[in-house]
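Step one of this worksheet: look at the structure below.
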Amino acid sequence: GPAEAARAFAAAWAQVSGQAATLAMRQQIFRLDVVEPPPGVPGRARRAARDDLELVLRWSAAFDAETGVADADVRANAIRRVAGGAMWLWEVAGTPVTMAARAPVVAGVRRIGHVYTPPECRRRGYAAALVATVSGDALRGGARSCTLFTDEANPTSNRIYRSIGYRPVGPALLYRFGDPATH
């Protein structure tokens with residue numbers, strides 16, 4: 001959550017529960033009100049379908065491994081996102097090359113996340129094009145703005161999101177609770 005609130009919660013939880021609170025990631029919260037689509041990226045966006053579930057599962061596991069943010073139930077969440085129309089893919093010549101998810105609108109804001117591009121498809125603008133498309137769809141669909149969280153240590157994602165209109169709002173912190181040796 002937002003840095004000060006997350007820091008306070010982690011300290012309080014550690015004191016009450018007796019569990020260690022370990023800072024897992026420094027993040028940046030970004031907000032978008034107007035999309036600036038990247039020019040000239042080949043391909044198109046589409047919602048993931050049931051036939052895409054195994055791909056979404058593989059990419060979700062890879063996302064978790066790369067970010068160090070483990071999903072408690074990758075399979076159930078992938079099924080829910082695909083079935084609910086929340087997972088989107090960017091495809092080139094019929095082949096998916098990146099994915100992104102969107103959460104329901106809350107207080108006029110739709111959160112975009114779970115953005116993943118396999119290494120062999122990176123640096124071609126696919127993720128930027130997909131996030132811009134999904135964000136634009138959200139704004140046209142009634143959201144006043146979109147948000148997303150990035151790892152402050154990842155300059156590529158921070159640059160990409162700024163290039164399509166996302167602006168930094170403030171820092172966020174991700175904590176893990178329990179024995180640090182098991183993280």
Side-chain angles (χ1 to χ4, degrees), residues 1-7 9-10 21-45 48 55-71 74 77-78 81 86-92 95-103 109-139 143-177 180 183:
E4 291 309 313
R7 202 175 280 118
F9 177 84
T22 306
L23 180 62
M25 184 186 304
R26 293 181 182 279
Q27 299 178 315
Q28 183 62 235
I29 304 169
F30 280 83
R31 175 185 171 138
L32 174 131
D33 298 305
V34 177
V35 177
E36 300 169 22
V41 179
R44 69 176 187 91
L55 173 73
V56 170
L57 281 166
R58 278 195 318 276
W59 285 0
S60 293
F63 174 87
D64 288 358
E66 283 189 29
T67 63
V69 180
D71 188 338
V74 174
N77 287 325
R81 286 181 179 127
M87 184 60 74
W88 290 64
L89 301 171
W90 188 265
E91 61 181 18
V92 176
T95 300
V97 293
T98 193
M99 72 175 187
R102 64 183 203 182
V109 179
R110 187 177 296 267
R111 183 172 172 201
I112 308 299
H114 219 71
V115 180
Y116 179 76
T117 306
E120 66 274 11
C121 297
R122 293 179 183 168
R123 294 180 170 44
R124 296 184 181 129
Y126 301 144
L130 180 59
V131 171
T133 300
V134 171
S135 300
D137 183 74
L139 295 174
R144 288 189 317 273
S145 63
C146 295
T147 63
L148 53 77
F149 288 65
T150 65
D151 179 350
E152 282 188 351
N154 184 334
T156 302
S157 65
N158 289 287
R159 179 184 47 76
I160 287 169
Y161 299 134
R162 286 175 194 257
S163 77
I164 60 174
Y166 277 88
R167 300 296 172 244
V169 173
L173 300 174
L174 177 66
Y175 282 91
R176 294 193 193 285
F177 298 95
H183 297 164

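Only a predicted model underlies this, so the values are computations on that prediction, with no experimental measurement involved.
A distance-only check finds a donor-acceptor pair linking the side chain of R122 to the backbone of T117 [under 3.5 Å]. In this structure, R110 contributes its side chain and A103 its backbone to a donor-acceptor pair below 3.5 Å. In this structure, T147 contributes its side chain and F30 its backbone to no donor-acceptor pair below 3.5 Å. Looking at R31, its side chain never comes within 3.5 Å of a backbone N or O of P168 through a donor-acceptor pair.
Of all heavy-atom pairs spanning P171 and I29, the tightest one is O-CD1, 4.2 Å. A62 and Y116 make their closest contact through CB-OH, 3.4 Å (heavy atoms, listed as atom of the first residue, atom of the second, distance). Taking both residues in full, the closest heavy atoms of G170 and Q28 are given as O-OE1, 2.8 Å, listed atom of the first, atom of the second, then distance. Among all heavy-atom pairs drawn from R124 and V41, the shortest one is O-CG1, 4.1 Å. Among all heavy-atom pairs drawn from M87 and A100, the shortest one is SD-O, 3.4 Å. Across all their heavy atoms, S145 and D33 have their closest contact at CB-OD1, 3.1 Å.
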Just list the side-chain donor-acceptor pairs under 3.5 Å for residues 126-135, sequence neighbours left out, or say none.
{"residue": "T133", "atom": "OG1", "partner": "A129", "partner atom": "O", "Å": "2.8"}
{"residue": "S135", "atom": "OG", "partner": "V131", "partner atom": "O", "Å": "2.7"}
{"residue": "S135", "atom": "OG", "partner": "Y166", "partner atom": "OH", "Å": "2.7"}

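Atom-to-atom distance recorded for W88:CH2 and T98:OG1 is 14.0 Å, nearest 0.5 angstrom. To the nearest 0.5 Å, atom CG of residue L55 and atom CG of residue L89 are 6.5 Å apart. From E66, atom CD reaches atom CG of D151 across 11.0 Å, with rounding to the nearest 0.5 Å. From T67, atom OG1 reaches atom CE of M25 across 5.0 Å, with rounding to the nearest 0.5 Å. The line from CG of L148 to CG of L32 is 8.0 Å long, rounded to the nearest 0.5 Å.
With a 4.5 Å cut-off on side-chain heavy atoms, V115 and S157 do not count as touching.
Taking a 6.0 Å sphere around CZ of R167, one finds it holds more than 12 heavy atoms contributed by other residues, nucleotides or ligands.
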Problem - Evaluation steps, side-chain contact (heavy atoms from CB on, under 4.5 Å), between S60 and M99 - result: CA-CA 9 Å; S60 293; M99 72 175 187; 3.6 Å; yes
Exercise for the section: List the steps and the verdict of side-chain contact (heavy atoms from CB on, under 4.5 Å) for L173 and R26. Expected result: CA-CA 5 Å; L173 300 174; R26 293 181 182 279; 3.9 Å; yes
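A search for salt bridge (Lys or Arg N to Asp or Glu O under 4.0 Å) contacts involving R44 returns E91, not counting sequence neighbours. F63 is linked by a ring pair (Phe, Tyr, Trp, His ring centres under 6.0 Å) to H114, counting only residues two or more places apart in sequence or in another chain.
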